[in-house]
Amino acid sequence: MPEIDEIIKEYDNYMPPLSEPMARALEAIRAPQADTRALSRLLLQDTILASKTFKLVNSTYFSGTSRQLTSINKALMSLGAMKVKNIIIALVLQKFYDDEGPKNLFSHSIACATACEFLAKEYKTINADDAFILGFLHDIGMVIFKSKHGEEYIKLHNESKGDYETLLKQEKELYGISHCEIGARLCEKWNMPKILVDTIRYHHFPKEAKIPFAAGIVYLADRIVSVKPDIMEVNQDVLEYLQVSFTDTVNLREKILAKSNIFLKELSDF
């Protein structure tokens, strides 16, 4: 089996070129604070993106009742710059996920991001806004596999039926690398924050991460939204390390899925 670095080189041609909106979105992720002027300019330059953003900020995704925020400045003041930034990043990458990734990758990523936000608030482990982006980008390596291997990878992904251990084992057997590692390498190439690279690399093995609480939140969120609760398999050592009751997290499942479905429903008109 070739060394990891040799395998990575084979994927260089499949690393996606960045459109201007994607480049701006990734720049926003790299920034420690949201640049409100940059966010405003991005929306002013893209009317569809602006329409999607305002539909979401005025939806019940963010409150029990719809609101009427008519300008980016009002949205930033009402929700906070980080939340608006998260929406924009997710919307910019939607087409990338839908066109290049496995079926339902975008909807799964939104559900996982929503779950991460819930769990971060519930257990106060990491910042909830940061948690959203970690959850949204955790499976980005699957886009690279789909780009390089096409239907072969889609078949592999579908046949795993949500069994992560089987999927990771088969990825390594066929390609010599997992979607976790290829996703982490992609984000390194994009100069993403270290917490994001670390979480993507270890979201199936959070105790090995440098920031295990961040990877652990994604690990739990991924399982909560991926399969039926009665067949979930979760590493008890991870739960003990995080001091989390999995029963309590499962009880959040319906609320999490209902909220993520609001996000997806608001985009159905576009």
Side-chain angles (χ1 to χ4, degrees), residues 22 24-36 38-39 42 49 52-53 55-63 75-76 78-94 96-97 101 104-141 183-184 187 190 192-200 202-203 206 209 211-226 242 244 249 252-253 255-267:
M22 277 184 63
R24 288 176 179 270
L26 295 174
E27 184 62 37
I29 298 173
R30 286 192 287 267
Q33 301 295 328
D35 185 339
T36 57
L39 295 179
L42 185 55
L49 178 62
K52 289 181 177 181
T53 300
K55 193 166 188 197
L56 280 164
V57 300
N58 285 312
S59 75
T60 55
Y61 184 84
F62 288 104
S63 69
L76 292 167
S78 177
L79 299 177
M82 294 298 289
K83 281 185 172 53
V84 176
K85 181 177 84 167
N86 287 346
I87 293 173
I88 292 172
I89 290 167
L91 293 178
V92 168
L93 292 178
Q94 179 186 7
F96 175 60
Y97 274 27
N104 298 326
L105 178 61
F106 179 74
S107 58
H108 170 70
S109 298
I110 289 297
C112 193
T114 303
C116 285
E117 191 175 42
F118 262 86
L119 295 175
K121 289 178 180 177
E122 183 77 11
Y123 296 104
K124 297 178 173 58
T125 52
I126 58 174
N127 180 278
D129 291 330
D130 292 338
F132 182 95
I133 287 299
L134 298 180
F136 181 69
L137 293 175
H138 76 288
D139 276 339
I140 198 168
C187 286
W190 284 344
M192 292 291 99
K194 291 181 179 179
I195 185 175
L196 178 57
V197 174
D198 185 59
T199 297
I200 290 173
Y202 296 111
H203 69 269
I211 311 173
F213 286 104
I217 287 293
V218 177
Y219 173 89
L220 288 176
D222 205 7
R223 279 149 182 78
I224 289 169
V225 303
S226 293
L242 296 174
V244 169
T249 64
L252 295 172
R253 175 181 167 85
K255 187 182 291 186
I256 289 167
L257 293 178
K259 186 174 182 181
S260 66
N261 284 336
I262 292 171
F263 192 111
L264 298 171
K265 183 176 182 296
E266 293 296 337
L267 300 180

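As the structure is a prediction and not an experimental result, all values here were calculated from the model. Values below: all heavy atoms of this structure, side chains included; hydrogens, waters and symmetry mates excluded.
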Check your understanding: Okay, side chain of His138, backbone of Gly135: is any donor-acceptor separation there less than 3.5 Å?
Key -> yes

CG (Leu252) and CD1 (Ile224) are apart, to the nearest 0.5 Å, by 6.5 Å

Heavy-atom side-chain contact between Asp130 and Met82 under 4.5 Å: yes

When rounded to the nearest 0.5 Å, the distance separating CH2 of Trp190 from CD1 of Ile140 is 4.0 Å

For residues 115-126, the salt bridge (charged side-chain N to carboxylate O under 4.0 Å, His left out) pairs (sequence neighbours left out) are Glu117-Lys259

Minimal heavy-atom distance between Phe62 and Leu56, with the atoms involved, is CD1-O, 3.5 Å

Taken to the nearest 0.5 Å, the spacing of Leu93 CG from Ile133 CD1 works out to 8.0 Å

All heavy atoms of Leu119 vs all of Ala221, minimum pair found to be CD1-N, 3.8 Å

Closest non-hydrogen atoms of Ala115 and Val225, given as atom of the first, atom of the second and distance, are CB-CG1, 3.9 Å

Please confirm whether the backbone N or O of Leu257 pairs with a side-chain atom of Ser260, one donor and one acceptor, at under 3.5 Å?
yes

Closest heavy-atom pair, Val218 versus Cys112, reported as atoms and distance to 0.1 Å, is O-SG, 4.3 Å

Contacts of Tyr97 meeting ring-ring contact (aromatic ring centres under 6.0 Å, His included) (sequence neighbours excluded), chain-then-number -> Phe136

Residues Ala131 and Cys116: closest non-hydrogen pair is O-CB, 3.3 Å

Requested in this report: State, yes or no, whether a side-chain contact exists between Leu220 and Tyr123 at a heavy-atom distance under 4.5 Å.
Outcome: no

Side-chain heavy-atom pair Phe118, Lys255 within 4.5 angstrom cut-off
yes

> Less than 4.5 Å apart, any side-chain heavy atom of Ile87 and any of Lys52?
Replying inline: no

Here the pair of heavy atoms bringing Ile200 nearest to His203 is O-ND1, 2.8 Å

Original post:
Can you check whether Asp129's main-chain N or O pairs, donor with acceptor, with Asn86's side chain at less than 3.5 Å?
Top reply: yes

To the nearest 0.5 Å, atom OG1 of Thr53 lies from atom CG of Asn58 at 11.0 Å

For a side chain to side chain contact (heavy atoms under 4.5 Å, CB included) check, start with the C-alpha distance between Leu267 and Phe106, then their side-chain angles and the critical distance, and finish with the verdict. CA-CA 12 Å; Leu267 300 180; Phe106 179 74; 3.9 Å; yes

Only one of Asp198, Asn127, Thr199, Ile217 passes side chain to side chain contact (heavy atoms under 4.5 Å, CB included) with Leu134, and that residue is Thr199

